[in-house]
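Only one structure is covered here, and it is reproduced in the block below.
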Amino acid sequence: MKLQLDNSCPLNLDATLCCGQIFRWHRQDKWWYGIFKNTPFKMRQIADRVEFENVDTSFLAYYLGLGDNLPKIYRQIGKEANIRKAIKQCAGLRIVHQDPWECLISYICATYKNIPAIERMLNNLCKSLGEPIPFEGKKFYTFPTLEALARTRTSDLKKCGLGYRAKYISETAKKILETGINFDQMKQEDYGALKKELLLLPGVGPKVADCVMLFSLEKTEAFPIDVWVRRVLLKYYSDHFPVKFVRNIISKNSLTTAEYNRLNSFGRSYFGEYAGYAQQYLYHYERTKTMKNA
DNA sequence: TAGTTGCCTTCGAG
DNA sequence: ACTCGAAGGCAAC
């Protein structure tokens, strides 16, 4: 099937799937292969056209976030030269609508790891506890269910290379099984209430909560502060903070909750309701500038 | 060569 | 409220 794009709806599929927001897509013979819940599918972009198989058009448009009006978002977040440069460099980068359960567990795993390591962990997890589903002669693995992760022993989770994260995964799964969190309902809640709720889960701090909200619960104003975004903010936006504050957090390698919240509040108020897009563009921009793999 | 640093942080003790 | 250290393991330097 095909989907035609135009100037009012730009897309850069490669940047979208490579930028580190989502971990289980891989490219083969110019196609991207991945899975959403129980449905494996593939897609590729040729100029202004997206070709895809095994899902329908409305799902694909939703999944890729094509409903977000990028030209309008660029006008809103393009407040100064640095962010405009970032936008120019990876124009068409979209924020994907991930499956919330997979996204939550993925970002609990992502703490204190680099992207290749995160991908390794998640693939191990899916291979040992997910369900194989054939597609084009290859096996695709579903993400392990809530029940599967809740009943698996921590020691077995550790075999997937999760390290200390294994305990958080198993406790979070058990907690959700008991309390019955409903992700669709969560999408209706406002940013503050939702964040508070997510922070109750083991292994979920402010950064993980912001990622889950941005990448799977449709909170475009969420503004996750990781090491790269912290660097960007101190580099290009230090004028917006007291000198003492900047000097203090430059000299150390972790943030207190108060410091996190300060950077986070700045991002949200400065960039507005689509601050999450600004975050993703700045993140990608800064990473690709200093690294060769991306 | 072997050691160090860094990685999309969180948690708990003091 | 803040500081500090621990918690896999791997790859880059």
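The chains referred to below are lettered A, B, ... by the order of the sequence lines, with proteins before strands, and numbering in each begins at 1. All values reported here derive from a predicted model rather than from experimental measurement. Side-chain atoms are counted along with the backbone in the values below, which use heavy atoms only and exclude waters and symmetry mates.
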How about [X] and [Y]: are their ring centres within less than 6.0 Å of each other?
X	Y	answer
A:Tyr107	A:Phe23	yes
A:Tyr274	A:Tyr281	no
A:Phe41	A:Trp25	yes
A:Phe36	A:Tyr62	no

Give one of base, sugar-phosphate or nothing for [X], where a contact means two heavy atoms less than 4.0 Å apart.
X	value
A:Leu201	sugar-phosphate
A:Cys109	nothing
A:Val204	sugar-phosphate

Verify whether one side chain among [X] and [Y] offers a donor that lies under 3.5 Å from an acceptor in the other.
X	Y	result
A:Thr111	A:Tyr164	yes
A:Glu80	A:Tyr237	yes
A:Asn69	A:Tyr74	no

Nearest-Å distance once atom P is located in both B:dC8 and C:dA6:
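Each nucleotide's P atom is 22 Å from the other's.
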Determine the Euclidean distance between corresponding P atoms of C:dA1 and B:dT9; express it in Å to zero decimal places.
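About 23 Å, rounded to a whole number of Å.
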Checking contacts here: which listed nucleotide ([options]) is nearest the side-chain heavy atoms of [X]?
X	options	result
A:Arg120	C:dC10, B:dC8, C:dT3	C:dC10
A:Arg231	B:dG6, B:dC8, B:dT10	B:dG6
A:Tyr283	C:dT3, B:dC8, B:dT10	B:dC8

Would you mind reading off the distance between [X] atom [atom1] and [N] atom [atom2], rounded to a whole angstrom?
X	N	atom1	atom2	answer
A:Asp210	B:dT10	CG	C1'	14 Å
A:Asn248	C:dA1	CG	P	16 Å
A:Ile225	B:dC8	CD1	P	15 Å
A:Leu263	B:dC8	CG	P	18 Å
A:Tyr107	B:dT9	OH	P	11 Å
A:Met121	C:dC10	CE	C1'	11 Å
A:Glu259	B:dT9	CD	P	15 Å
A:Leu198	B:dT9	CG	P	18 Å

Stems involving DNA chain B, each a run of at least 3 consecutive Watson-Crick or G-U pairs under 3.5 Å
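Stems (3+ consecutive pairs) listed as B:3-7 with C:9-13, B:9-14 with C:2-7.
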Which word best sums up how the rings of A:Phe266 and A:Tyr270 line up, parallel for under 30°, tilted for 30 to 60°, or perpendicular for over 60°?
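The arrangement is parallel - the two ring planes meet at less than 30°.
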Base-contact (B) and sugar-phosphate-only (S) positions in nucleotides 4-9 of chain C, heavy-atom cut-off under 4.0 Å, - elsewhere
---BBB
So, applying salt bridge (charged side-chain N to carboxylate O under 4.0 Å, His left out) with A:Glu259, which one of A:Lys207, A:Lys252, A:Arg230 is it?
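Single salt bridge (charged side-chain N to carboxylate O under 4.0 Å, His left out) partner of A:Glu259 among A:Lys207, A:Lys252, A:Arg230: A:Lys252.
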Is any NZ, NE, NH1 or NH2 atom of the basic residue among A:Lys42 and A:Glu136 found under 4.0 Å from an Asp or Glu carboxylate oxygen of the other?
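Between A:Glu136 and A:Lys42 there is a salt bridge, with a charged N closer than 4.0 Å to a carboxylate O.
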For C:dG8, does the O4'-C1'-N9-C4 (purine) or O4'-C1'-N1-C2 (pyrimidine) torsion place it in syn, i.e. within 90° of 0, or in anti?
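For C:dG8, whose glycosidic angle is within 90° of 0, the conformation is syn.
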